[in-house]
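As the structure is a computational prediction, the values presented were derived from the model and not from experiment.
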Amino acid sequence: MPELPEVETVRQGLEHSVVGRTVRDVEVRHPRAVRRHVPGPGNGPENGMVDFAAALRGARLAAAHRRGKYLWLPFDSADRSSRALLAHLGMSGQLLVRPASAAQEPHLRVRMSFADDGPDLRFVDQRTFGALAVVPTDGDGIPVEIEHIAHDPLDERFDDADFVRALRRRRTGIKRALLDQTLISGVGNIYADEGLWHARLHYARPTETMRAAEIERLLTGLRAVLTAALAKRGTSFDSLYIDVDGSSGGFDQSLQVYGRAGRPCRRCGTPIRKDRFMNRSSHTCPRCQPRPRRARW
DNA sequence: CGGAGCTCCTGGGGGC
DNA sequence: TGCCCCCAGGAGCTCC
């Protein structure tokens with residue numbers, strides 16, 4: 001499940017292997033992969049697959065940026081300066097730099113070749129929750145589609161005091177808030193569970209009852225986990241996440257609660273508990289993270 | 001408009 | 001062995 005450490009690892013790979021290169025050809029092999037692409041006016045048939053490929057052909061990719069779990073590569077020629085290739089990996093999306101001669105992956109969705117005859121960039125996505133699009137960018141160079149995404153907790157622009165205020169105004173449970181990308185970005189199910197364990201907070205804790213010191217403790221825990229995971233190039237829990245070279249991340253060995261149901265808490269030895277919550281799994285230590293009296297879902 | 005539920009999707013794995 | 005169902009979950013959408 002690509003979250004901040006995984007997406008940032010992919011971004012670094014793209015910066016190294018794709019930035020500065022010019023797209024020669026684009027092959028869209030599955031319409032769902034470009035479902036978020038909006039064909040521009042006067043761009044021929046109202047066919048997102050055709051328009052996406054046409055918009056990308058000939059573009060020189062000038063940089064690789066990330067906001068939360070989104071990646072984008074702005075185009076740099078003058079007439080394309082306000083457009084970018086936007087990518088979200090969803091649950092199982094992979095951006096792979098592969099030799100043009102390499103065999104097709106089973107779930108290859110989009111294939112891009114480059115004018116320099118170097119390796120392809122391939123978008124492979126088993127569960128098809130991910131997507132690519134060519135989109136307009138605003139005056140700050142940010143895709144309009146993702147202006148609503150908050151800064152992530154490793155970003156120096158992230159304002160702790162603003163987050164404390166915004167969180168305490170919410171009327172929901174803390175995990176639901178952590179997964180809301182308009183409040184804090186880059187955190188998904190794995191790192192939310194890990195961060196809450198580090199801060200000894202239960203996922204159903206009502207946000208409006210949280211003290212500023214508890215929220216700071218949570219940010220400290222999240223930052224520790226995200227930083228350590230990034231250093232290991234991410235978590236490859238179900239092997240669907242790999243970086244642009246096809247290598248796995250190593251942080252799954254360091255997970256404290258996620259995927260450890262029934263096994264002892266490494267702090268107190270109590271068996272880790274797994275609950276269904278928000279139509280997904282949540283992992284807690286029942287002793288370190290007691291359920292609040294007034295739980296909020 | 002904030003909050004919460006629904007939905008998209010595929011392949012691995014467990015149960016029978 | 002084969003088949004069915006559950007499970008993994010990010011985020012846009014819809015409804016209240």
Side-chain angles (χ1 to χ4, degrees), chain A residues 1-8 10 29-38 48 66-72 86-95 104-110 123-133 135 143-150 152 163 165-196 203-210 226 234-242 248-249 252 255 257-262 274-283 294-297:
Chain A
M1 282 51 84
E3 303 178 31
L4 187 156
E6 294 78 30
V7 178
E8 174 60 19
V10 171
R29 302 182 53 83
H30 197 300
R32 241 184 91 73
V34 295
R35 66 191 179 284
R36 293 174 64 178
H37 178 82
V38 179
R66 180 184 61 78
R67 185 148 174 168
K69 303 172 197 170
Y70 283 91
L71 290 167
W72 76 98
L86 180 67
H88 195 292
L89 302 177
M91 288 182 64
S92 56
Q94 305 168 346
L95 283 166
Q104 273 183 25
E105 293 77 5
H107 304 293
L108 178 63
R109 308 303 187 194
V110 178
F123 181 60
V124 175
D125 189 11
Q126 180 204 100
R127 296 177 194 165
T128 73
F129 275 38
L132 303 183
V135 298
V144 177
E145 276 89 342
I146 62 168
E147 287 173 340
H148 65 290
I149 302 293
D152 68 62
F163 179 69
R165 278 189 292 273
L167 195 63
R168 296 185 64 176
R169 277 198 298 270
R170 288 295 178 98
R171 295 292 179 269
T172 190
I174 182 60
K175 183 166 174 184
R176 206 181 274 281
L178 287 181
L179 297 179
D180 181 344
Q181 304 295 302
T182 69
L183 204 51
I184 181 170
S185 73
V187 179
N189 202 45
I190 294 177
Y191 297 110
D193 281 6
E194 294 296 310
L196 288 166
Y203 58 79
R205 176 68 183 275
T207 49
E208 71 271 24
T209 70
M210 292 185 72
L226 293 170
T235 302
S236 296
F237 185 76
D238 61 6
S239 76
L240 285 175
Y241 159 72
I242 48 179
S248 296
D252 51 309
L255 295 173
V257 283
Y258 187 89
R260 296 194 67 245
K274 177 177 170 178
D275 298 328
R276 289 300 290 178
F277 169 65
M278 284 179 73
N279 208 23
R280 67 203 64 201
S281 58
S282 282
H283 308 75
R294 288 182 299 138
R296 244 192 208 280
W297 308 95

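Put simply, CZ on A:Arg32 is 15 Å from P on C:dG10, counting in whole angstrom units. Rounded to whole angstrom, the span from the CD1 atom of A:Ile146 across to the P atom of C:dG10 amounts to 17 Å. Atom CE of A:Met278 and atom C1' of C:dG9 are 10 Å apart (whole Å). At whole-Å resolution of the value, CZ in A:Phe277 and P in C:dG9 are 13 Å apart. Between the CG atom of A:Leu183 and the P atom of C:dG10 there is a distance of 16 Å, given to the nearest Å. Rounded to whole Å, atom P of C:dG9 lies 14 Å from atom CD of A:Gln126. Rounded to whole angstrom, the span from the OH atom of A:Tyr241 across to the P atom of C:dG9 amounts to 17 Å. Note: CZ (A:Arg176) to C1' (C:dG9) measures 14 Å, nearest angstrom.
Using a 4.5 Å cut-off on side-chain heavy atoms (C-beta onward), A:Arg176 and A:Met278 make contact. A 4.5 Å side-chain heavy-atom check between A:Val124 and A:Arg109 finds every atom pair outside the cut-off.
Between atom CH2 of residue A:Trp72 and atom CG of residue A:Leu86 there is a gap of 8.5 Å, rounded to the nearest 0.5 Å.
Closest-nucleotide positions on DNA chain C for A:His148 and A:Met91 were compared, and the one nearer the 5' end corresponds to A:Met91. If A:Arg280 and A:Arg169 are placed on DNA chain B by their nearest nucleotide, the residue sitting closer to the 5' end is A:Arg169.
Side-chain nitrogen and oxygen atoms of A:Ser92 include none within less than 4.0 Å of the OP1 or OP2 phosphate oxygen of C:dG9. Contact annotation: A:Tyr258 side-chain N/O to C:dG9 OP1/OP2 distance is under 4.0 Å.
Scanning DNA chain B 5' to 3' for nucleotides with an atom closer than 4.0 angstrom to a non-hydrogen atom of chain A gives a first and last hit of B:dG3 to B:dG11.
Applying the ring-ring contact (aromatic ring centres under 6.0 Å, His included) rule to A:Phe129 yields no partners; only residues at least two apart in sequence or on another chain are considered. Listed by chain and residue number, A:Lys69, A:Ile149, A:Ser185 satisfy the side-chain contact (heavy atoms from CB on, under 4.5 Å) test with A:Gln181 (two or more places apart in sequence, or in another chain). Scored by the salt bridge (Lys or Arg N to Asp or Glu O under 4.0 Å) test, A:Asp152 finds A:Arg66 as partners (sequence neighbours excluded).
Formation of a donor-acceptor pair under 3.5 Å by the A:Asp180 side chain with backbone atoms of A:Thr182 is found in this model.
Here A:His30 lies out of heavy-atom contact (under 4.0 Å) with every strand. No contact: A:Asp125 has no heavy atom under 4.0 Å from any strand.
Terminal axes of the helix from B:dG2-C:dC16 to B:dC16-C:dG2 (five pairs each, C1' rotation axis) are separated by 50°, to the nearest 10°.
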Determine, step by step, whether A:Ser282 and A:Lys175 satisfy the side chain to side chain donor-acceptor pair (under 3.5 Å) criterion, reporting the C-alpha distance in whole Å, the side-chain angles of both residues, the deciding distance to 0.1 Å, and the verdict. CA-CA 9 Å; A:Ser282 282; A:Lys175 183 166 174 184; 2.7 Å; yes
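Residue pairs meeting the salt bridge (Lys or Arg N to Asp or Glu O under 4.0 Å) criterion with at least one member in residues 29-38 of chain A, sequence neighbours excluded, are A:Glu27-A:Arg29.
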